[in-house]
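Sequence lines set the chain letters: A, B, ... in the order given, protein chains first and strands last, and positions in each chain run from 1. Nothing here was measured: the structure is a model prediction, and the numbers come from that model.
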4 protein chains.
Amino acid sequence: MSEKPNRKTQIIEVASKLFFEQGYHVTGIKQIIEAADIAKGTFYSHFKSKEELGLEWLHQTAQKWIERKLEYLSQFEGDPARKLVAMFDFQAQGAEACRYRGCAMLNTLSETPDISCPMRQAIREYKKGGLNFIQSLVNECLPEASEEDREQRAGAIYLLFEGATVATQSFCKTDPIEIAKKQVVKILAEKA
Amino acid sequence: MSEKPNRKTQIIEVASKLFFEQGYHVTGIKQIIEAADIAKGTFYSHFKSKEELGLEWLHQTAQKWIERKLEYLSQFEGDPARKLVAMFDFQAQGAEACRYRGCAMLNTLSETPDISCPMRQAIREYKKGGLNFIQSLVNECLPEASEEDREQRAGAIYLLFEGATVATQSFCKTDPIEIAKKQVVKILAEKA
Amino acid sequence: MSEKPNRKTQIIEVASKLFFEQGYHVTGIKQIIEAADIAKGTFYSHFKSKEELGLEWLHQTAQKWIERKLEYLSQFEGDPARKLVAMFDFQAQGAEACRYRGCAMLNTLSETPDISCPMRQAIREYKKGGLNFIQSLVNECLPEASEEDREQRAGAIYLLFEGATVATQSFCKTDPIEIAKKQVVKILAEKA
Amino acid sequence: MSEKPNRKTQIIEVASKLFFEQGYHVTGIKQIIEAADIAKGTFYSHFKSKEELGLEWLHQTAQKWIERKLEYLSQFEGDPARKLVAMFDFQAQGAEACRYRGCAMLNTLSETPDISCPMRQAIREYKKGGLNFIQSLVNECLPEASEEDREQRAGAIYLLFEGATVATQSFCKTDPIEIAKKQVVKILAEKA
DNA sequence: AATGAATGAGCCTTCATTCAT
DNA sequence: CATGAATGAAGGCTCATTCAT
């Protein structure tokens, strides 16, 4: 029942912005506490390490994006094919909104070479969820297709999505998303 | 045309390994000079800043990968469609070899939020070259297709490639590359 | 006469272990409260400062060791010379039990340069008591000897005891205690 | 041939003073660099860690005290018994000069519970040397005595020395040294 | 070219203590 | 009594860069 948007939440919000905009490693605790206007000790009474904050950030970011995506797609309830295409519109909006900073998850993936660290696991989990989501929509679209076929299509759509994310970030324009979107339409229209 | 594998080259080689394996920001000058067994001043007599080294690294990495790719694909000379598919085999090899550390360019893209900094430009340039390369192969494959169609196909293949890169890195397995490869075959087989 | 082994007692017990094993300065309040499983505020409701706890620790440690020593020596009731020798057996037992961590008092002496701080006074008091104890045993042993002579013997035995403590700690073996013990026998056997 | 009392030497000198007067753990790098009037980075270009400095300090302190002791005792060349007694005069001088701060080695012993850390090893080495020195003097004094007897006497003298060190520190007066000195005379006069 | 000492802001984290609840 | 958030100085250490040699 706690209503108060407590200090911890505030720290995470401040850090989220900085981590995303600047990168995880390049953002120091000092900058975070100054932006949050708290003392250093206060930070460490809420998080036992920078990594714990990073993890929290990834978890909350994941949840936030999933919610936003679902909300955006809710306007196409009952039309899974339309949803699959709409995902790319949603992506384009986000890309421009953040001025081509890309995906927090993929960016952090790049910053964490240790494949078994907690942050990597969180990223993997999130991405697996994204793939599963696409898979379920594809399954809805093509209930008659073979599982193998559906996995190929879902996989390809997922890759187009990821590709569009990084290409948009690379080129600072949303053209790749348009390409991806068109391709998704084709993929869904393919004959078995 | 300089023959002597001079100090500068050696520094770049050492730094390349560290930048790629660990990340750009996380790798310090101290670590580089220790690995290269040179003094700090020596480093700065060759590079005026860490960023200059980073830039050089990106340039050389770009060149190296382009050469390797071309060499790998040379076995399929005269068969552009085969080449397009083979690019993914080449990718799979690299992914495993570097233990899923991904693409140096995309990783560095994540670490450089400033979209107009020199390193970002180098990355953009490299990626543009990659897309162009695919485009020219697609053009060879489908000389009769419309330009618009060829751009869509090349673009999609490019996005599948990028998507496969980051998905492979995310999941630490090459399955996504297989998916991408199969999709490329389909794309090239599509009717106009 | 308080019966309940209250919170305060528990804190002191936990702190005693840590202070002794690790050292006074190196042991933080955080570690103590975590080991005691209490909140920070709880700690400060029982002790107004770390130093107060340190003082309490020294007092209780003093009392504990005095009690243990007396209990150990009680088996030789009526034989003061035997007691003086037995003190070194008692010392050897303790040295091995704490894996050559030495004497809490002397260790803390080293950590408190300010010769007039309360903790130093507590240590001084304890050590004075130790010397007095030896003196009284020596007096019992040699009632006929001059006071000067008895003081010299007691003092020497005391120094041998302290020396054996730190030498045992230095070398991580109890050999010095054996040397000291033999010397004590000689000292008690000396002719006036 | 380097004459310049370089920065490193200066840092060690400053740190030696602080480590001895205040204790090793309680003395921070910040205090050292401020006292030495250098930048933090400068410190770390000379020492790779605080522990390395601590080790250097112990080594140099050991050497310094050995030299001073030998020099002091050189006035009694040819009279080993006199030397053994003079050691305690030397000790008394030192004790007063440092205002009963005790022995840097024993103090640091108290601060380093880890019996296998480098600093502990340095302390052990130094103390072993001290004992050996006494042993050789005793051997000179009593060439006819059995080895066992000489070891007992040397050991006892060593323990009296250590005991006098810590007792003087405990009580802030040199009386214990007088006691020890008298006892040494007795020990050397004992019949086999 | 090459050296490595020097800089000082910054890194992440812990310190002992206070205080409102 | 008990809680744990808040403080900010300090902990040991690294950063990229400069510069005199």
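Counting to the nearest Å, the C1' atom of E:dC11 and the NZ atom of A:Lys50 are 9 Å from each other. Between C:Lys48 atom NZ and E:dT17 atom C1' the separation is 12 Å, expressed in whole Å. D:Lys8 has its NZ atom 15 Å from the C1' atom of E:dA6, to the nearest Å. Between A:Asn6 atom CG and F:dG4 atom P there is a gap of 14 Å when expressed in whole angstrom units. One atom, CD1 of A:Ile33, and another, C1' of E:dC12, lie 11 Å apart when rounded to the nearest Å. Taking atom CZ on A:Phe47 and atom C1' on F:dA6, their separation rounds to 15 Å, with Å as the unit. What separates CG of A:Leu53 from P of E:dT13 is a distance of 10 Å, to the nearest Å. If you take CD1 of D:Ile38 and C1' of E:dG4, they are 15 Å apart, rounded to a whole angstrom.
Under the 3.5 Å distance criterion, with hydrogens and angles disregarded, a donor-acceptor pair is assigned to the side chains of B:Thr9 and B:Asn6. Under 3.5 Å, the side chains of B:Thr112 and B:Asp114 contain no donor-acceptor pair of N or O atoms.
Ring geometry, A:Tyr24 versus A:Trp57: the interplanar angle falls under 30°, so the pair is classed parallel (tilted spans 30 to 60°).
Scanning all heavy atoms of the two residues, the minimum distance from D:Arg101 to D:Gln169 falls at O-NE2, 3.1 Å.
Taking the side chain of A:Ser45 as heavy atoms from C-beta on, and the options F:dA6, E:dA5, F:dT14, the nearest nucleotide is F:dA6.
Across all strands shown, F:dA10 pairs with E:dT13; the Watson-Crick or G-U wobble distances both stay below 3.5 Å. F:dA2 and E:dT21 make up a base pair, with Watson-Crick or G-U wobble contacts both under 3.5 Å.
The side chain of A:His46 places an N or O atom within less than 4.0 Å of a non-bridging phosphate oxygen (OP1 or OP2) of F:dA6. Using a 4.0 Å cut-off, some side-chain N or O of D:Arg7 falls inside it from OP1 or OP2 of E:dA6. Under 4.0 angstrom from either OP1 or OP2 of F:dT7 there lies at least one side-chain N or O belonging to A:Thr42.
Sequence order on DNA chain E of the closest nucleotides to C:Phe43 and A:Tyr44 puts A:Tyr44 first from the 5' end. Toward the 5' end of DNA chain E, the nearer of the two residues A:Gln31 and D:Asp37, judged by each one's closest nucleotide, is D:Asp37.
For the atom pair CZ of D:Phe43 and CD1 of D:Ile38, the computed distance is 7.5 Å after rounding to the nearest 0.5 Å.
Contacts of A:Lys30 with the nucleic acid, taken as non-hydrogen atoms under 4.0 Å apart, involve only primed sugar atoms and P, OP1 or OP2. Residue D:Gly28 is classed as a sugar-phosphate contact, given heavy-atom separations below 4.0 Å to backbone atoms only. If you check every strand for non-hydrogen atoms under 4.0 Å, A:Ile29 touches a base. Nucleic acid contact class of A:Lys40 (heavy atoms, under 4.0 Å, all strands): base.
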